[in-house]
Amino acid sequence: MNEKIFQRYLETSVYTYAGIYKDFIASLPDDIPSIGMLVCDQITHPSMYFTEPSPYLEDTYYGKFATYPKHRFKNEDEIYITAVSMIAGILRLDETGFTKNRDVTKRITVSCRQASVLFSAILKEKRIPCRSRAGFMDFGDAGDSYMEHWVNEYWNFNENRWVLADVDGYYEYEQRFGYSQFDLPRRKFVTASEAWLGLRKNTFNKKLDVFSPTLLEGVCEYLFMDLHALMNNEIFYSYQPLYLRGGIQTLNEKELHELDALAELLAEPDKNMEQIEHLLAANEKWSVLTNNTQNVYHDIFR
């Protein structure tokens, strides 16, 4: 990997900076599966509280969801936006540290973007290049449907490749499909750029589940989230460019073609990083963000 790219993904953002928890992170295991399992064990997903509980998950991993304190939010994404806040929240509930199979009453309840940020923060502090990615995940194994999701890519020095990992804790971390949750086949994840270009060219043949008024608008939101994540700026779900406040239907053809060009570059981010940076600098409107309250960013299935 190019040294400049290597260094980029060791750098931290306001979201992945470890701050006072650097020594704590140093005390965690160094191997990827152990780190990934620990992250899974400290969180529970908001959707767990709005669906029929799985006896297997309750007995094996979480404890009874009915014991979750009624006064706590069942979606704490807005409380825990940064890695520092997540670690603080986890330790506040149980000061013994990151513990295995933590009871549901001692977990923070956050969704995939938060889990991805926490994993990135830990790996960066351990000098393992890592980045968050926003796109669409096949939670099954047949490629029938892809849902909005954040994952991670970490650099495997021995194999000289980016490895796809999912630490959301939304599903069990054993190798239920014959491969690890922390080394997923590429077919499991559709990048936002692939989805955008496929929709624009009318060549995309996968089913996407998005929580936006239109499919293209949902993919556009993820295109910008992925762009900023690749720039080490893992923006929150509701943070979108101000010029899109009125919705994607307000864009003219020139602006849509600008996004096409961006998506083409994001298809190979390492190869095109300098061009992406140049394009981002030339289009300041992509970096002027607002909290778009028109979007239901806190949907329980994210």
**Message:** Lys285: which residues meet the side-chain contact (heavy atoms from CB on, under 4.5 Å) condition with it, sequence neighbours left out?
**Reply:**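 Applying side-chain contact (heavy atoms from CB on, under 4.5 Å) to Lys285 gives Tyr243, Glu255, Glu258, Asn283.
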
**Set of residues satisfying ring pair (Phe, Tyr, Trp, His ring centres under 6.0 Å) with respect to Tyr239, sequence neighbours excluded** =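 Listed in chain order: Phe236.
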
**Message:** According to ring pair (Phe, Tyr, Trp, His ring centres under 6.0 Å), who are the partners of Phe24, at least two apart in sequence or on a separate chain?
**Reply:**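 Once residues adjacent in sequence are excluded, the partners of Phe24 under the ring pair (Phe, Tyr, Trp, His ring centres under 6.0 Å) criterion are Phe98.
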
Atom pair [atom1]/[atom2] of [X] and [Y] - distance to nearest 0.5 Å:
X	Y	atom1	atom2	answer
Gln240	Asn291	CD	CG	10.5 Å
Cys220	Leu199	SG	CG	11.0 Å
Leu184	Arg187	CG	CZ	9.5 Å
Leu242	Glu284	CG	CD	11.5 Å
Thr109	Gln114	OG1	CD	11.5 Å

State, without any angle test, whether [X] and [Y] hold a side-chain donor-acceptor pair at a distance under 3.5 Å.
X	Y	answer
Asn152	Ser120	yes
Glu234	Ser116	no
Trp196	Asp260	yes
Glu3	Gln7	yes
Thr82	Ser85	yes
Asp141	Tyr179	yes
Glu221	Ser212	yes
Asp168	Ser111	no
Ser132	Arg113	no
Asn2	Lys271	no
Asn233	Ser13	no

**Request:** Would you indicate whether the side-chain heavy atoms of Leu279 and Leu262 approach each other to under 4.5 Å?
**Result:**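 They are in side-chain contact.
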
**Prompt:** Are any of the side-chain heavy atoms of Ile5 and Met273 separated by less than 4.5 Å?
**Reply:**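 Ile5 vs Met273: side chains touch.
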
**Request:** State plainly whether one hydrophobic cluster holds both Ile20 and Leu93, where clusters connect Ile, Leu, Val, Met, Phe, Trp and Tyr through side-chain heavy atoms under 4.5 angstrom apart.
**Result:**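 Yes, it is one cluster - the side chains of Ile20 and Leu93 are joined through contacts under 4.5 Å.
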
**Request:** Check whether Leu230 and Tyr17 end up in the same hydrophobic cluster, where Ile, Leu, Val, Met, Phe, Trp and Tyr are linked by side-chain heavy atoms less than 4.5 Å apart.
**Result:**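 Different hydrophobic clusters.
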
**Asked** Should the pair Arg133 and Tyr222 be classed as cation-pi, given the thresholds of under 6.0 Å to the six-membered ring centre and 45° from the axis?
**Response**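 Geometry flag: not set, cation outside 6.0 Å or 45°.
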
**Asked** Between Trp155 and Arg131, is there a cation-pi geometry (under 6.0 Å to ring centre, at most 45° from the normal)?
**Response**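 Ring-cation test returns no.
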
For this output row, return yes or no: ring centroids of [X] and [Y] closer than 6.0 angstrom.
X	Y	value
Phe136	Trp150	no
Phe6	Phe157	yes
Tyr49	Phe65	yes

Any side-chain to backbone donor/acceptor pair from [X] onto [Y]? Under 3.5 Å, distance only.
X	Y	value
Thr51	Ser47	yes
Glu153	Trp162	no
Asn272	Leu265	yes
Arg107	Arg102	yes
Lys124	Cys130	yes
Glu78	Asn75	no
Tyr9	Tyr154	no
Gln42	Thr99	yes
Lys188	Asp138	yes

**Within 6.0 Å of CD in Glu95, more than 12 heavy atoms from elsewhere** =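 It does not: Glu95 CD has 12 such atoms or fewer within range.
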
**Message:** Taking CG in Asn202 as the centre, count heavy atoms belonging to other residues, nucleotides or ligands within less than 6.0 Å. Is the count above 12?
**Reply:**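 Incorrect, the count does not exceed 12.
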
**Asked** Where do Lys201 and Glu264 land on the salt bridge (charged side-chain N to carboxylate O under 4.0 Å, His left out) test, with the steps shown first?
**Response** CA-CA 12 Å; Lys201 296 175 181 178; Glu264 292 281 3; 3.2 Å; yes

**Asked** Taking it one step at a time, do Lys4 and Asp270 satisfy salt bridge (charged side-chain N to carboxylate O under 4.0 Å, His left out)?
**Response** CA-CA 10 Å; Lys4 187 176 180 180; Asp270 295 339; over 6 Å; no

**Message:** Thr290 vs Leu244, test: side-chain contact (heavy atoms from CB on, under 4.5 Å). Steps then yes/no.
**Reply:** CA-CA 9 Å; Thr290 183; Leu244 282 173; over 6 Å; no

**Message:** Apply salt bridge (charged side-chain N to carboxylate O under 4.0 Å, His left out) to residues Asp30 and Lys126 and explain how you reach the verdict.
**Reply:** CA-CA 7 Å; Asp30 294 321; Lys126 289 184 174 291; 2.8 Å; yes

